[in-house]
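Below, each value reflects all heavy atoms present in this structure, side chains not excepted, and no hydrogens, waters or symmetry copies.
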Amino acid sequence: MRGVAGSILWAPVAACLLLCLPVAGCRGSDSAQPAAAAPQKPAPQTKMNAAREELEQIPPPAKGRYLSVHTTEGWSNPFLIVGSRTLTLRIYYPDAVANGTLPGGMLPNAMLRPAGARKRELDLRLADLPEALSSLPAESWGYGRVVAIEEDPTTLRPDRVQMRRNVETAIQMLNDLGVVVNEWPQGGSLR
């Protein structure tokens with residue numbers, strides 16, 4: 001008795017499965033249309049290409065403005081310090097008071113917005129450099145699309161070979177992004 005009831009319950013399920021199989025087969029043959037009928041999607045954009053497009057919005061560098069800077073404190077564009085394992089990206093956010101006065105016509109107090117308060121240092125992996133640079137505000141590029149780069153002076157002697165490789169890789173990445181490289185120091189320590 002139990003076997004008869006079990007087969008009665010499964011009969012509609014089996015019939016449904018048999019009916020669905022030909023439909024699935026028909027669908028498969030309909031989808032075998034030529035590839036030209038389906039719209040082509042563009043290839044996904046790489047992070048490097050996306051960063052390059054963002055950085056193209058920054059004007060080209062003005063040599064007359066940045067070649068006269070001889071101290072890291074005077075440098076207002078992004079500054080890279082390259083070590084054997086990481087990069088340090090130093091940036092100065094622009095003053096919030098662009099016209100020299102605070103709201104209400106008051107003159108700004110230098111103690112309210114010192115350079116140290118606007119300075120940020122970010123430790124990055126070399127692979128994150130394009131994304132980090134492209135995410136900076138346009139106001140952080142006062143000299144145009146130029147980055148100063150320096151070897152980390154605290155790197156130990158055994159790590160200097162790897163540090164130099166990282167410098168060369170960073171310079172190549174910057175060149176690929178269309179960013180001019182101003183390698184420091186230029187004839188002496190600038191710290």
When rounded to the nearest 0.5 angstrom, what is the spacing between [atom1] in [X] and [atom2] in [Y]?
X      : Y      : atom1 : atom2 : answer
Thr86  : Asp128 : OG1   : CG    : 11.5 Å
Ile81  : Ile149 : CD1   : CD1   : 10.5 Å
Ser84  : Arg165 : OG    : CZ    : 11.5 Å
Ile58  : Glu139 : CD1   : CD    : 8.5 Å
Leu156 : Asp159 : CG    : CG    : 5.5 Å
Met48  : Leu129 : CE    : CG    : 8.0 Å

A side-chain contact here means heavy atoms from C-beta on lying under 4.5 Å apart; do [X] and [Y] qualify?
X      : Y      : answer
Leu133 : Leu89  : yes
Leu55  : Val179 : yes
Pro130 : Lys47  : no

- Message: Check whether Phe79 forms a cation-pi arrangement with Arg90 (NZ or CZ under 6.0 Å from the six-membered ring centre, at most 45° off the ring normal).
- Response: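 That pair qualifies as a cation-pi contact.
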Check whether [X] reaches the backbone of [Y] with its side chain - one donor and one acceptor, N or O, closer than 3.5 Å.
X      : Y      : value
Arg65  : Gly142 : yes
Asn77  : Tyr143 : yes
Arg120 : Ile91  : no
Arg145 : Val180 : no

- Task: Would you sort out whether Met173 and Leu126 count as a side chain to side chain contact (heavy atoms under 4.5 Å, CB included), showing the intermediate values?
- Result: CA-CA 9 Å; Met173 285 178 123; Leu126 196 54; 4.1 Å; yes
- Query: For the rings on Tyr92 and Trp75, is their centre-to-centre separation under 6.0 Å?
  - Reply: no
Looking only at heavy atoms, which two atoms of [X] and [Y] are closest? And how far apart?
X      : Y      : answer
Trp184 : Thr71  : CH2-O, 3.5 Å
Ala132 : Leu124 : CB-CD1, 3.7 Å
Glu183 : Ile171 : OE1-CD1, 3.8 Å
Val167 : Glu151 : CG2-CG, 3.7 Å
Pro78  : Ser140 : CD-O, 3.4 Å
Gly74  : Val69  : C-CG1, 3.5 Å

- Message: Under a 3.5 Å threshold, yes or no: a donor from one side chain and an acceptor from the other, between Asp123 and Thr88?
- Response: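 A donor-acceptor contact under 3.5 Å links the two side chains.
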- Item | Polar side chain donor-acceptor pair, Asn166 to Thr169, under 3.5 angstrom |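 On atom types as modelled, these side chains do not qualify, holding no pair under 3.5 Å.
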- Message: One pair to check against side-chain hydrogen bond (donor to acceptor under 3.5 Å, both in side chains): Gln172 and Asp176. What are the steps and the verdict?
- Response: CA-CA 6 Å; Gln172 183 61 48; Asp176 290 346; 2.9 Å; yes
- Task: For salt bridge (Lys or Arg N to Asp or Glu O under 4.0 Å), just list the numbers for Arg52 and Glu56, CA-CA rounded to whole Å, side-chain angles, deciding distance to a tenth of an Å, and then say yes or no.
- Result: CA-CA 6 Å; Arg52 185 180 303 116; Glu56 284 176 355; 5.5 Å; no
- Message: Run Leu80 and Leu174 through side chain to side chain contact (heavy atoms under 4.5 Å, CB included) and show every step you take.
- Response: CA-CA 11 Å; Leu80 282 175; Leu174 292 167; 4.0 Å; yes
- Can you tell me if CZ on Arg164 sees more than 12 non-hydrogen neighbours from other groups inside 6.0 Å?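 Result for CZ/Arg164: enclosed.
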- Query: CD of Gln162: more than 12 outside heavy atoms within 6.0 angstrom?
  - Reply: yes
